[in-house]
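Data first, discussion second: the structure below is written as structure tokens.
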Amino acid sequence: MKKNICIILISLSVASAMAAETYISNIYGRSYQILNGKWDAIVDLYDAGHQAKIYLNKKAIGETDFYEYSFENGLRLNVPGDWNSQSPELKYYEGTVWYSRHFNAVSNDKHRYFLYFCGVSYRCNIYLNGELIGSHEGSFTPFQIEVTGKLKQGDNNLIVEVNNHRQQDAIPALSFDWWNYGGITRDVMLVTLPQTYISDYFIQLDKHQANIIHAEISLSNEKAGETITLRIPDLAISVKMKTNNLGKASKSFKVSKLQRWSPASPRLYDIEIESNTDKVCERIGFRNIESEGNKILLNGKEIFLRSISFHEEIPQRMGRACTPSDAEFLLSEAKVLGVNMVRLAHYQQNEYIVRRAEEMGIILWQEIPVWQTIDFSNQETLVKAQNMLRETIKRDRNRCADCFWGIANETRPSKTRNHFLDELLQTGKSIDTTRLFVGAFDNVYFQQSSQCFEMHDEFIDKLDMIGVNKYMGWYAAWPLSPEKCIWKVAEKKPLFISEFGGEALYGQAGDETIASSWSEDYQAKLYRDNLTMFKGIPNLVGISPWVLFDFRSPTRFHPQNQEGWNRKGLVSDQGQRKKAWYIIHNFYQQMKQKYQE
Ligand code: GCU
């Protein structure tokens, strides 16, 4: 199986170089034809499609020729959407599915045309009218392929070969604790842009100053001397800048009466960027996020991060979240819990979720799925991780809600791991120095010698905030009673409990001291005990219970209590709140008052 994939996929570095040249930020602010809807599909269990040249989409014409495939009158799948929740036969399917659709195009030589994919899980080849035009690897980040000069006037046939086989050199790798949804899981568009368009921009408040905005704007072509105008009408700002010979312009300017974005007042400003041939409108918020000693400051004020994590999944549908109403559903449930932050686990989630969070005043931690056992010694895997981080940051670096970039979850210290994460950190910092880089670590242990919880991982010194996943009362037994637990972990750094919790089947009562009761009572007591212990962490800046909703996981086998669900949710798969939900809700009310947010 692996051999085929390697031959067909355009090499990653080529694919990413092409993407960089033609980058398009703020896709929803551009002119596009949406290609969502019902697509024809063929399930290709043995990857025989290449041999059969399915991508040519041939039709029998003569008397003797015939084709052992057809996209017509067969399986149809929704795009966007995972295939697993759309047909019982595909619930557990991991393999290749060929998608096909036709669309009409009327192109001219005054414009450039791109196919833009917001997310395809996991790897894919893209064919237009029978020609392989591009590839991508990674389920959770967008990519675009230029089709200028490749479009036919009128009917075009777009075929997408999607494969979600798990592989050791992939990210995530062979095993992970969420459902391996496959398919074209996010929006697809045909984008029309001027010959020279505004390809990318980064407009942010200075890291420390409250009244200085830095703007970097790039044109798609290396044109010098082009005038670019940036307007922020509500701040009476209109600044002009000239492009250099790389087609890039930048300017820093003072602003007055700026209302900085925060959970309490998620102020966004309308922004207009205009060049000689293009104009893009945007909504951007401005805020300062810093770590100072072992504190996190938002707009110069200490903040306690009241967080929750969720997967990009609608439990009631047992499928990927992919629409604005899905985003509303997930974020509203988080908001009512009392959060001012969400950890989007364990991968970049769709833009509807990120932009809606920003409007709702919810801080975001976004990460790439460097989850546990990644092939850290594999150079190709490192390149994949760097591409994913680049694609993640570039898509959302104008989103003020995004305050934390996560580069790893539960990876064990080793020379190869440290090198891998070092490279990733450099990649991230080369694109964005305004945000905080973080990771989630699960190697905090109770030391008999010091009777304290300690962590020995040299890599954490390089991060701005340390996330700790610690499951006291579930994966780890209490060495002492919670109020006696002292933590001496990364004391000079801000420490964030990025995961804690335990499983409970909604509606199940039981002994609060017995884990195998799988009861709400046990989960509730576990939460009370952990909150007690957290008081003993001097550098604690926030917590993120694992997890908002019960979620699908093929590694959860208990027939009565799990049935393929990770039951650590505070809310069940049917949307019912468990007893622990109320404990966190109350705690967050208290913290909100304490920090006068
Ligand atoms: C880990 C991991 C999660 C997982 C959780 C669990 O900490 O980061 O992805 O779901 O544990 O075991 O429930």
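In listed order, ligands and their atoms are each counted from 1.
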Salt bridge present between Arg567 and Asp573 (N-O < 4.0 angstrom):
yes
Assess whether a salt bridge exists between Glu358 and Arg355, defined as any Lys/Arg side-chain N lying under 4.0 Å from an Asp/Glu carboxylate O.
no
Can you classify the ring geometry of Phe500 versus Tyr527 as parallel (below 30°), tilted (30 to 60°) or perpendicular (above 60°)?
tilted
Indicate yes or no: does Asp402 engage Arg397 in a salt bridge with an N to O separation below 4.0 Å.
no
Angle class for the Phe453/Trp487 ring planes (parallel below 30°, perpendicular above 60°, tilted otherwise)?
parallel
With hydrogens left out, which residues have an atom under 4.0 Å from ligand 1, given that only heavy atoms count?
Asp177, His346, Trp371, Asn409, Glu410, Asn469, Tyr471, Tyr475, Glu499, Trp546, Phe551, Arg556, Asn566, Lys568
In terms of the angle between their ring planes, are Phe549 and Phe329 parallel, tilted or perpendicular, with boundaries placed at 30° and 60°?
parallel
